[in-house]
Amino acid sequence: MEKKDYCGFYLETPDGTIWMPGDSKLLDEQLSYKEPDVILLDFSDNEWHITFEGALKLCETYPNAVLIPIHWGSVDAPDWSTFNGNPIALKKAVTNPERLKVLVPGEAYQL
């Protein structure tokens with residue numbers, strides 16, 4: 001995979017900023033953005049994705065952003081780390097753990 005293949009979305013709305021970095025590896029550039037209000041966070045401990053350590057680095061770079069974990073428990077593939085991150089482990093590891101919002105499918109989050 002080349003750097004040009006990575007894709008994410010940084011949305012500025014009247015209510016706040018929402019960032020979905022993508023479900024690829026952590027890029028150095030991602031550590032120098034304006035802090036968003038919300039990060040839709042892939043925290044898969046998988047070499048094709050951000051890795052757990054990469055997710056923690058991103059979270060520590062933006063310590064006030066609300067974190068909504070994505071890409072976990074979404075596929076019935078118990079042996080694939082890609083889909084089986086544990087939000088409880090993430091909550092134990094991040095600064096300001098109260099900012100982690102684990103939503104159920106279809107649940108809304110309002111800025």
Can you tell if the side chain of Pro21 reaches within under 4.5 Å of the side chain of Ile39, non-hydrogen atoms only?
yes

Roughly how far apart are Leu11 CG and Asp37 CG, rounded to 0.5 Å?
11.5 Å

Lys25 to Gln30 - nearest heavy-atom pair and separation
O-OE1, 3.9 Å

Spell out, as yes or no, whether a donor-acceptor pair under 3.5 Å connects the side chain of Tyr33 to the backbone of Tyr10.
no

Does Thr17 use its side chain to pair, donor to acceptor, with the backbone of Glu12 at less than 3.5 Å?
no

Could you list the donor-acceptor pairs under 3.5 angstrom formed by side chains in residues 87-96, with sequence neighbours left out?
{"unit_1": "Thr95", "atom_1": "OG1", "unit_2": "Glu60", "atom_2": "OE1", "d": "2.5"}
{"unit_1": "Thr95", "atom_1": "OG1", "unit_2": "Glu60", "atom_2": "OE2", "d": "3.1"}
{"unit_1": "Asn96", "atom_1": "ND2", "unit_2": "Pro63", "atom_2": "O", "d": "2.8"}

Should Leu26 and Thr51 count as side-chain neighbours, where that means a heavy-atom distance under 4.5 Å?
no

So Leu41 and Cys59, do their side chains get closer than 4.5 Å, heavy atoms only?
yes

Student check: side-chain heavy atoms of Phe43 and Phe52 closer than 4.5 Å:
yes

Within a strict 4.5 Å, meaning less than it, do heavy atoms of the Met20 and Ile70 side chains meet?
yes

Stepwise ring-ring contact (aromatic ring centres under 6.0 Å, His included) check, Trp19 with Phe9:
CA-CA 6 Å; Trp19 183 27; Phe9 300 93; over 10 Å; no

Ile68: side chain to side chain contact (heavy atoms under 4.5 Å, CB included) partners, not counting sequence neighbours
Val38, Leu40, Val66, Lys101, Leu103, Tyr109

Can you tell if the side chain of Asn64 reaches within under 4.5 Å of the side chain of Glu35, non-hydrogen atoms only?
yes

Please check if the side chain of Arg99 supplies one atom and the backbone of Leu67 the other of a donor-acceptor pair under 3.5 Å.
no

ILVMFWY network linking Leu100 to Leu111, side-chain heavy atoms under 4.5 angstrom:
no

For residues Asp15 and Thr13, is any side-chain donor paired with an opposing acceptor at under 3.5 Å?
no

Side-chain heavy atoms nearer than 4.5 Å, only ILVMFWY residues, links allowed to pass through others: does that put Val102 and Ile50 together?
yes

